[in-house]
2 protein chains.
Amino acid sequence: MGGMTVVGICEDDPDVRRVLTDALKMGGHRVVIARNGREAVENLGRDSGVEVLVLDIGLPDADGRDVCHALRAAGQHAPVLFLTAFDAVHDRVSGFHAGGDDYVVKPFAISEVLVRIESLVRRARPQPESTSGLVLNPDRVSVHVGDREVTLTPTEFRLLAAIAVEPGSIVRRRTAVAAAWPDGAIVNENTIDSYIRRLRVKLALIDSPVELATVRGVGFTLR
Amino acid sequence: MGGMTVVGICEDDPDVRRVLTDALKMGGHRVVIARNGREAVENLGRDSGVEVLVLDIGLPDADGRDVCHALRAAGQHAPVLFLTAFDAVHDRVSGFHAGGDDYVVKPFAISEVLVRIESLVRRARPQPESTSGLVLNPDRVSVHVGDREVTLTPTEFRLLAAIAVEPGSIVRRRTAVAAAWPDGAIVNENTIDSYIRRLRVKLALIDSPVELATVRGVGFTLR
DNA sequence: GCGAACCTGCACAGCACCTGACTGCATGGA
DNA sequence: TCCATGCAGTCAGGTGCTGTGCAGGTTCGC
């Protein structure tokens, strides 16, 4: 709602930084600055309190989309506004593919950027399910804990997501199947067991602190 | 545990209806459909048998929240899961968290909706016995006292739940058997004794202050 | 002290689940 | 076009827990 928002900016051009910072402060927000990709990873990460990110695509040391990837991998799920140079509009698609939520083409009207930032904050989705260190990342179809990460297959991801919706409580077998195989597919009773096993192997690979446990006769749970 | 739940859906988009219905049926539930606000009031009311409601916020003829109000006014107290369009999320301030309800943003993952629905149902169901320090947790098929907890098997849980309905009062042997073995199964008279024993062992494991006592010739009780 | 009700420990069969490997299919690159 | 790769789903075989029943001991009421 109206209150102050913490905006993380990653932009190498001092002038653009200045304009953005001033405008945002005028609008009653706080700003955290990063001059390049390295600083972005350092200052704008998961626990930085940043609620929305503004990333320049054309950074000296990195592509803004890579920065986005890195931040996402580190558990930062704040919505992203990409700034792209006019002659790079075709990159727009890959920007979205990186998990970004909006883009603005340079040169931009500052008012437009402000409006979009606030719009992004408003529609920031409720935190993706993060479970005692286990973070599911839909953008990358992966799960990571700390700095270790494994990519999952789509089916693996749906299954784990279904079980992780409410850590600690048990998801019944039927429910898990219905959730992971949505289109009314009839799968062998045993199939889910295979996938559970695969998930366990992958979770072990990243030293997951949470265990994918079986509750015999009922279903599965995360603990 | 967990049997079938009757889910009422109010959604105008046929595709979304289809996806939800399929997934819910796969999950072992029954579904009652309403295509708009008018049908919702007609089909999903107090005596419809519906145990949980899924309401689209953006209906052609009405706001889903108004539908909710109308249903509530008509004595329908089932918990509600709202579906809201992505660009209308900021509307959620308008207080539908009120009744312990939930919401999901479109486009949604079916798995999330499924699990959330079942979670709502569980929470809404007769909140059992926190009396006497012993707490039964249907979510986890477990019982705990203080910070100590043991998980039970489904049969153990049903039996204990039957006896724990009202601590102090005596539950007849027959009654307990009927509750723990619902589908009229014929079990050896002695089988229940075995389960009582196991429950006693497990309760001792967590230093339960309440005792699972025998009332000779009548049944069992908690004290 | 006697019988019925109940407790206890154990044994066992079935089944839920685990495991590792395999097949078929789609995709993408050489 | 063909091959490599990876994903989805299946299968057969093994393992251990759960549910169940039995046999014998113990307690309670009379």
Side-chain angles (χ1 to χ4, degrees), chain A residues 97 140-143 150-163 170-205 211-223, chain B residues 1-2 26 28 111 140-143 150-163 170-205 211-223:
Chain A
H97 191 259
R140 314 189 53 186
V141 198
S142 71
V143 56
V150 278
T151 71
L152 306 175
T153 73
T155 305
E156 285 170 353
F157 188 89
R158 285 195 302 272
L159 180 56
L160 181 57
I163 298 174
I170 298 171
V171 176
R172 290 183 302 122
R173 233 176 142 77
R174 298 195 67 172
T175 309
V177 172
W181 287 269
D183 31 283
I186 302 150
V187 292
N188 191 312
E189 258 301 298
N190 194 338
T191 300
I192 188 175
D193 295 315
S194 290
Y195 277 90
I196 290 287
R197 170 168 163 66
R198 289 170 191 171
L199 282 175
R200 281 180 182 144
V201 170
K202 290 198 174 179
L203 287 180
L205 279 178
E211 180 194 2
L212 181 42
T214 301
V215 182
R216 195 165 235 272
V218 187
F220 301 95
T221 184
L222 235 43
R223 67 168 164 233
Chain B
M1 115 162 350
M26 287 279 292
S111 61
R140 319 191 50 188
V141 200
S142 71
V143 56
V150 279
T151 70
L152 308 174
T153 73
T155 305
E156 285 170 353
F157 187 91
R158 285 193 301 270
L159 179 56
L160 182 56
I163 298 174
I170 300 171
V171 177
R172 299 183 175 284
R173 247 182 129 83
R174 301 278 166 118
T175 312
V177 171
W181 288 269
D183 26 283
I186 306 145
V187 293
N188 190 310
E189 258 303 298
N190 188 289
T191 298
I192 189 175
D193 295 317
S194 291
Y195 276 90
I196 291 288
R197 170 170 161 65
R198 285 176 191 178
L199 281 176
R200 282 178 181 147
V201 169
K202 288 200 174 179
L203 288 180
L205 277 178
E211 182 193 1
L212 182 42
T214 301
V215 182
R216 207 183 169 78
V218 186
F220 302 94
T221 183
L222 280 181
R223 67 167 165 238

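Below, each value reflects all heavy atoms present in this structure, side chains not excepted, and no hydrogens, waters or symmetry copies. Predicted, not measured: the structure shown is a model, and the values here were computed from it. Lettering follows sequence order; numbering is per chain, from 1.
Proximity of A/Val150 to A/Ser142: side-chain heavy atoms (C-beta onward) are nowhere separated by under 4.5 Å. Here the side chains of A/Trp181 and A/Thr191 are in contact, with some heavy-atom distance below 4.5 Å. Counting heavy atoms from C-beta outward, A/Ile196 and A/Leu212 have side chains that approach closer than 4.5 Å. Counting only heavy atoms from C-beta outward, the side chains of A/Ile192 and A/Arg173 approach each other to under 4.5 Å.
Neither OP1 nor OP2 of C/dA16 sits under 4.0 Å from any side-chain N or O of A/Arg173.
In this structure, B/Leu199 places its CG atom 13 Å from C1' of D/dT18, rounding to the nearest Å. Rounded to an integer number of Å, the gap from CZ of A/Arg197 to C1' of D/dG14 is 13 Å. One atom, CZ of A/Arg172, and another, P of C/dC17, lie 13 Å apart when rounded to the nearest Å. A/Leu159 places its CG atom 14 Å from the C1' atom of D/dG9, with the value rounded to the nearest Å. Here the P atom of nucleotide C/dA5 and the CZ atom of B/Arg174 are 11 Å apart, to the nearest Å. A straight line from CZ of B/Phe220 to P of C/dA5 spans 13 Å, rounded to a whole angstrom. In this structure, A/Phe157 atom CZ and D/dC7 atom P are separated by 15 Å, rounded to whole Å. Rounded to whole Å, the distance from NZ on B/Lys202 to P on D/dC17 is 11 Å.
Of the possible donor and acceptor atoms, one in the side chain of B/Lys202 sits under 3.5 Å from a partner among the backbone N and O of B/Thr151.
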Quiz item: With the sugar-phosphate defined as primed atoms, P, OP1 and OP2, and the base as all remaining atoms, what B/S/- string results for nucleotides 19-24 of chain D, 5' to 3', for protein heavy atoms under 4.0 Å?
Solution: BBBBB-

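We find that B/Glu211 and B/Arg200 are not joined by a salt bridge, their nearest charged nitrogen and carboxylate oxygen being 4.0 Å or further apart. Salt-bridge annotation for A/Arg198 and A/Asp193: absent, with no side-chain N of the basic residue lying under 4.0 Å from a carboxylate O of the acidic one.
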Output one line per pair: protein atom, nucleotide atom from nucleotides 26-30 of chain D, and distance, for all N/O pairs under 3.5 Å.
from: D/dT27; atom 1: O2; to: B/Arg216; atom 2: NH2; distance (Å): 3.2

N/O contacts under 3.5 Å, protein versus nucleotides 25-28 of chain C?
none

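Between B/Leu160 atom CG and B/Tyr195 atom OH the span is 13.5 Å, to the nearest 0.5 Å.
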Quiz item: Going through the distances and angles, do B/Leu152 and B/Leu159 end up as a side chain to side chain contact (heavy atoms under 4.5 Å, CB included)?
Solution: CA-CA 10 Å; B/Leu152 308 174; B/Leu159 179 56; over 6 Å; no

Quiz item: Taking it one step at a time, do B/Thr221 and B/Val171 satisfy side chain to side chain contact (heavy atoms under 4.5 Å, CB included)?
Solution: CA-CA 6 Å; B/Thr221 183; B/Val171 177; over 6 Å; no

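Between the side chains of A/Thr155 and A/Arg158, a donor-acceptor pair is found at a separation under 3.5 Å.
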